[in-house]
Amino acid sequence: GVFDSAASLGVGCASDAVGPQEGEPNVTVRARDALAQVPLFAGMPSRFLKRLGDKMDEQRFMEGATIVRQGEPGDTFYVIVEGEAKVKDRNGRTLSGLIPGDFFGEISLMDGGPRTATVVAETNLTALALSRKDFGALLQSEPKVTVGLLKHAATLLRRLERPASG
């Protein structure tokens with residue numbers, strides 16, 4: 001699959017330890033370090049995080065920007081690296097807050113349906129974005145991540161079943 005190609009590229013563990021010598025670390029190293037902080041990817045090997053980071057694009061959003069809009073088609077999975085966001089329902093009511101390490105956009109990618117909520121950047125925000133194709137390859141190659149996403153989806157469902165407060 002897409003995530004099995006690192007060996008053929010000569011990406012070894014030894015090279016992981018040596019980052020660029022000057023200036024800011026490259027996007028892959030930053031992405032790997034950010035992904036290592038995401039509970040969904042806890043316990044995944046560094047080389048997996050590096051391969052995943054290679055597939056993700058860093059995207060920046062201004063404070064107040066709508067990142068995904070409820071009802072629109074979704075083809076991207078996001079992991080927040082810096083900044084905060086709010087998840088809102090169609091009435092604009094805040095359902096939850098998102099902070100670095102949190103992710104969103106997975107539901108549309110799992111079932112092909114439209115976005116289930118709107119996500120708005122509360123501050124300037126940096127996220128790592130993964131395409132539908134690479135997300136599918138991730139789920140097929142890493143059962144632990146797939147199980148984590150299922151648990152997260154179950155948590156969201158249970159939250160919806162509770163009577164709304166406020």
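Both backbone and side-chain heavy atoms feed into the values below; hydrogens, waters and symmetry mates do not. Just so we're clear, the structure is a prediction, and the values are computed from it rather than from any experiment.
Note that CD1 of Ile67 and CD1 of Ile80 are 6.0 Å apart. Values are rounded to the nearest 0.5 Å. To the nearest 0.5 Å, atoms OG1 (Thr116) and CG (Asp111) are separated by 8.5 Å. From Thr118, atom OG1 reaches atom NZ of Lys88 across 9.0 Å, with rounding to the nearest 0.5 Å. The distance from the CZ atom of Arg51 to the CZ atom of Arg32 is 13.0 Å, given to the nearest 0.5 Å. Put simply, NE2 on His152 and CG on Leu150 are 11.0 Å apart, with the number rounded to the nearest 0.5 Å. Note that CG of Leu138 and CE of Met44 are 7.5 Å apart. Values are rounded to the nearest 0.5 Å.
Formation of a donor-acceptor pair under 3.5 Å by the Ser108 side chain with backbone atoms of Gly113 is found in this model. Under the 3.5 Å distance criterion, the side-chain polar atoms of Asp89 are matched with a main-chain donor or acceptor of Asn91. Glu122 contributes no side-chain N or O that, together with a main-chain N or O of Lys86, makes up a donor-acceptor pair within less than 3.5 Å. Put simply, the side chain of Ser96 never gets that close to the backbone of Val87: no donor and acceptor are under 3.5 Å apart. Judged purely by atom type and a 3.5 angstrom limit, Asn124 has no side-chain atom pairing as donor or acceptor with the backbone of Met62.
Judged as a salt bridge (Lys or Arg N to Asp or Glu O under 4.0 Å), and not counting sequence neighbours, the contacts of Glu72 are Arg69. By the side chain to side chain contact (heavy atoms under 4.5 Å, CB included) test, Ala34 is found to be paired with Val81, Leu128, residues two or more places apart in sequence or in another chain being considered.
Hydrophobic clustering, with ILVMFWY side chains joined whenever heavy atoms are under 4.5 angstrom apart, groups Met56 together with Phe41. At a threshold of 4.5 Å between side-chain heavy atoms, the hydrophobic network of Ile, Leu, Val, Met, Phe, Trp and Tyr places Leu52 and Phe77 in one connected group. Side-chain heavy atoms closer than 4.5 Å link hydrophobic residues (I, L, V, M, F, W, Y) into clusters, and following such links, even through other members, never connects Phe61 to Val79. No continuous path of ILVMFWY side-chain contacts below 4.5 Å connects Val68 to Leu149, so the two sit in separate hydrophobic clusters.
In plain terms, the two heavy atoms of Gly83 and Thr123 that are nearest each other are CA-OG1, 3.2 Å. Between Gly101 and Pro39, the shortest heavy-atom distance links the atoms O-CD, 3.7 Å. Taking both residues in full, the closest heavy atoms of Gly74 and Leu109 are given as O-CD2, 3.7 Å, listed atom of the first, atom of the second, then distance.
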One pair to check against side-chain contact (heavy atoms from CB on, under 4.5 Å): Leu130 and Phe103. What are the steps and the verdict? CA-CA 11 Å; Leu130 188 67; Phe103 58 87; over 6 Å; no

Determine, stepwise, if the pair Leu40 / Val145 fulfils side-chain contact (heavy atoms from CB on, under 4.5 Å). CA-CA 6 Å; Leu40 179 63; Val145 173; 4.3 Å; yes

Please determine whether side-chain contact (heavy atoms from CB on, under 4.5 Å) holds for the pair Glu106 and Phe135, giving the CA-CA distance in whole Å, both sets of side-chain angles, and the decisive distance to 0.1 Å. CA-CA 9 Å; Glu106 75 287 354; Phe135 182 82; 4.0 Å; yes

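Residues Val119 and Tyr78 form no side-chain contact, since every pair of their non-hydrogen atoms from C-beta on lies 4.5 Å or further apart. In this structure the side chain of Glu142 never reaches within 4.5 angstrom of the side chain of Thr146, judged on heavy atoms.
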